[in-house]
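Residue numbering restarts at 1 for every chain, and letters A, B, ... go by the order of the sequence lines. In what follows, every heavy atom counts, from backbone to side chain, and hydrogens, waters and symmetry copies are set aside.
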Protein chains: 2
Amino acid sequence: MIVGATSRQNGQYTYCEQCPLRCRSSLREFTAEELAFVRQFKVDELRVGAGSSFLQQGTSSEHLYTVLSGWAFRYKMLDDGRRQILNYALPADLVGLQGAVMREMEHSVEALTNVVLCVFPRSKLWDLYTRFPSLAFDLTWLASREEQILDENLLSVGRRSATERIAFLLLHLYMRAEEAGLVAANTVEFPFTQQHLADTLGMSLVHTNKTLRRLAPRSAFYWKDRMFKMADRAALAELAGADAATGKPRPFI
Amino acid sequence: MIVGATSRQNGQYTYCEQCPLRCRSSLREFTAEELAFVRQFKVDELRVGAGSSFLQQGTSSEHLYTVLSGWAFRYKMLDDGRRQILNYALPADLVGLQGAVMREMEHSVEALTNVVLCVFPRSKLWDLYTRFPSLAFDLTWLASREEQILDENLLSVGRRSATERIAFLLLHLYMRAEEAGLVAANTVEFPFTQQHLADTLGMSLVHTNKTLRRLAPRSAFYWKDRMFKMADRAALAELAGADAATGKPRPFI
DNA sequence: CGGGTTCTTGACTAGTTTCAAGCAAAGTGG
DNA sequence: CCACTTTGCTTGAAACTAGTCAAGAACCCG
C-alpha cells in the first residue's frame, strides 16, 4: 500500500506561482506578499495512492495539507468497524487543521482517488498567524465552511428521509465538484462506491442501493461506471428538498 | 417573548476584568494586552429569555457572542418543521462566528435557559486578527473544537444504536457541564426536555423516551425534574461505547 | 480464466416512527 | 382558590422503514 511519496526532488513539484488552483474564478487572489509566504510555507508535496489513509484518528500530525488534485474524505471508525464518513475534500480544500491546532486528530483521512497534497508544517502556522492576518482569517473562513457542511450533513442524517438524503448528497457533491472545476458537459467523474454514500449518510449498503434504484426512473441524473451526469438539477434539488443555488467566491491557502 | 435586553446602562454589566469565567481552571489566561483588547471588543451584554432565538437561519448578523451564563443550542429547521439540533453552547462558548465570517447564518441559535451573552461586533473582528494573532489562533481553536464535536455527533447519529446515542450524548453533556463548572456533587441542572435529546440525536420523541426508560434500570444516572445525577460514569461510558476521559485546558474570548 | 470488488434483488427480521391516549405537574385566569 | 389549559412524560399497538442475510450478476484485474 502506497502511504505516500515525497516529491520536491523529482520534476513533479508544483510551485505556488504556477499553482493551477489560483486560476479558478471561485478562489480569491493572493497579494504578492501572501504568495511569497505561502510558497515557503509549503515545504513539500505528497502523493497518496487511492485507498490509503494519510492522517490517522488518535495520532497527532506535524503537517496540514491542501488538496492539489484528487478526492479524499474524512471519517471516523468505531471499534467494531462501523464507519462514518464526515466530509469530502476536493482540490483547494484544507485537511488536518484540527491536528495542527489541537493535540490529536479525532478522525482519519483517506485518499479516495490518487491524491496530490501540498504539505504545510504546523511549526510555521504560528508564523502565518503573526505575519498574515489575512491568511489567518482565511483559515477561520475555511473552518467555518467545514462546519457549515457538517451542519448540513447532520441535518440530513438526523432528519431527512433516505430519498432526500441521497438526492441532497449527490447534489452537494456535484456542486462542490463544479466549484472545483471538475464538471464538463454536466458530467463528473465520481470516485465513490455506494458503500461510501452509505457510510456518509448513515445507511446500510443495501438500503442505499435500493433507494438509488428507486431514484433512477426519475431521470434527474445518470450514474454508471464512475461517471455522474446531471440531467435535471432542479428535479434533484426538489427531491432533496433544497434549492439549487450556485457557488460563491472563497479563499484557500 | 423577550428577544433580548441590552444592559451596559444599568448595573448588571460584567466587565472583562471581573469576568467570572476567567477564574475557571480549564480556560487559558489572558495577557494584560489581550484583556484590554477584549474589554473594548465587547461592546455590550445581551440577556435572552429561555426559548427565544437570538440568531436566525438565513440572516446575517452584525455580532458574535460568547455565552456568559446559561445554555443555548444551535439548530437547523426544514420547511415542514423537522428540527435538528447541531450542538449546545455553555458558558465560555462562542456562538455566531459563522455569521461573522461568512455572508449568512445557515443555522439558528436559541436560548435553552435564560442566557447572558457578551456581544462582539463583527466590524472589529479584523482588528482582532491584525493586532492579536494569539486571539485569532484561539478563534480557530474554538472553530476546530466545534468541528470535533460535530464530527462526534455525526458519528452518533449515523452509526450508533439508539442506546449508545443517548448514553453518549448524556455523557458528553455532563462532561461539558463539568468543564463549565456547573456540576456539584455529581449533579447538574439539565435544562433539556426529551424532545431536545430526540432532535439532537435524530430520533423520534417516543423512541427517545422508551430508550431512556430502558436505560433507567441500569442506574448509571438519575434524571428527573431537570436534575441530572451521574451515578456510574464508567457504566454510562460503557453503554456509550466510549471512554470517560476528563477535560483539558482550552482558550476562550 | 479464476478471484475480487461492486452492484443488485428478494426474503426475513429488527428497529423506529406514528398514532392515540392517559397522567402528572405547573401555569393561568376568573 | 379552583377549574382549565398547557407542557412534558409515559405506554401500547399498528404501520413502516431500514437492516441483515443470502445469493447471483457484472465487471475488473492479473
For each nucleotide in nucleotides 23-30 of chain D, reading 5' to 3', give B when a protein heavy atom comes within less than 4.0 Å of its base, S when such contact involves only the sugar-phosphate, and - otherwise. --------
Does the protein touch nucleotides 5-11 of chain C at the base, only the backbone, or not at all? Give it as B, S and - per nucleotide, heavy atoms under 4.0 Å. -SSBBBB
Could you label the plane-to-plane angle of the B:Phe192 and B:Trp223 rings as parallel, tilted or perpendicular, counting under 30° as parallel and over 60° as perpendicular?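 The arrangement is perpendicular - the two ring planes meet at more than 60°.
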Please identify each residue that fulfils side-chain hydrogen bond (donor to acceptor under 3.5 Å, both in side chains) with A:Asp225, with sequence neighbours left out.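 Per chain and number, A:Asp225 pairs via side-chain hydrogen bond (donor to acceptor under 3.5 Å, both in side chains) with no residue.
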side-chain hydrogen bond (donor to acceptor under 3.5 Å, both in side chains) against A:Thr193, all qualifying residues, sequence neighbours excluded: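 Checked A:Thr193 against side-chain hydrogen bond (donor to acceptor under 3.5 Å, both in side chains); matches are A:His196.
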Return the value, rounded to whole Å, for the distance between atom [atom1] of [X] and atom [atom2] of [N].
X	N	atom1	atom2	value
A:Asp199	D:dG19	CG	C1'	14 Å
B:Arg165	C:dG15	CZ	P	13 Å
A:Met203	D:dT20	CE	P	12 Å
B:Phe228	D:dC9	CZ	P	14 Å
B:Arg214	C:dA14	CZ	P	14 Å
B:Leu197	D:dC9	CG	C1'	13 Å
A:His207	C:dA14	NE2	P	18 Å
B:Arg160	C:dT16	CZ	P	14 Å

What pair of heavy atoms forms the shortest contact from B:Thr14 to B:Glu45, and how long is it?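 What the structure gives for the nearest pair is N-OE1, 2.8 Å.
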With side-chain hydrogen bond (donor to acceptor under 3.5 Å, both in side chains) as the criterion, how do B:Gln56 and B:Ser53 come out once you've worked through the C-alpha distance, each side chain's angles and the decisive distance to 0.1 Å? CA-CA 7 Å; B:Gln56 215 76 42; B:Ser53 294; 4.5 Å; no
Is the positively charged end of A:Arg160 above the ring of A:Phe168, judged by distance under 6.0 angstrom from the centroid and angle within 45° of the axis?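 Judged by the rule (NZ or CZ under 6.0 Å from the ring centre, within 45° of its axis), A:Arg160 counts as positioned above A:Phe168.
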Kindly confirm or rule out a cation-pi arrangement of A:Arg176 over A:Tyr88, judged by NZ or CZ under 6.0 Å from the six-membered ring centre and within 45° of its axis?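 Not flagged: A:Arg176 not positioned over aromatic ring of A:Tyr88.
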Go through the steps to decide whether A:Asp199 and A:Gln84 satisfy the test side-chain hydrogen bond (donor to acceptor under 3.5 Å, both in side chains), and finish with yes or no. CA-CA 5 Å; A:Asp199 285 347; A:Gln84 176 66 43; over 6 Å; no
With sequence neighbours left out, write down each residue that passes ring pair (Phe, Tyr, Trp, His ring centres under 6.0 Å) with B:Tyr75, or none if nothing qualifies.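 Per chain and number, B:Tyr75 pairs via ring pair (Phe, Tyr, Trp, His ring centres under 6.0 Å) with B:Phe73.
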Are A:Arg74 and A:Glu106 ion-paired here, with the side-chain N under 4.0 Å from a carboxylate O?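 No salt bridge links A:Arg74 with A:Glu106.
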Specify the angle, to 10°, made by the local axes at the two ends of the helix from C:dC1-D:dG30 to C:dG30-D:dC1 when five pairs are taken at each end.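 Helix axis angle between the two ends: 40°.
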Just wondering, more than 12 heavy atoms not from A:Arg218 lying within 6.0 Å of its CZ?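 No, because the 6.0 Å sphere around CZ of A:Arg218 holds 12 heavy atoms or fewer from other groups.
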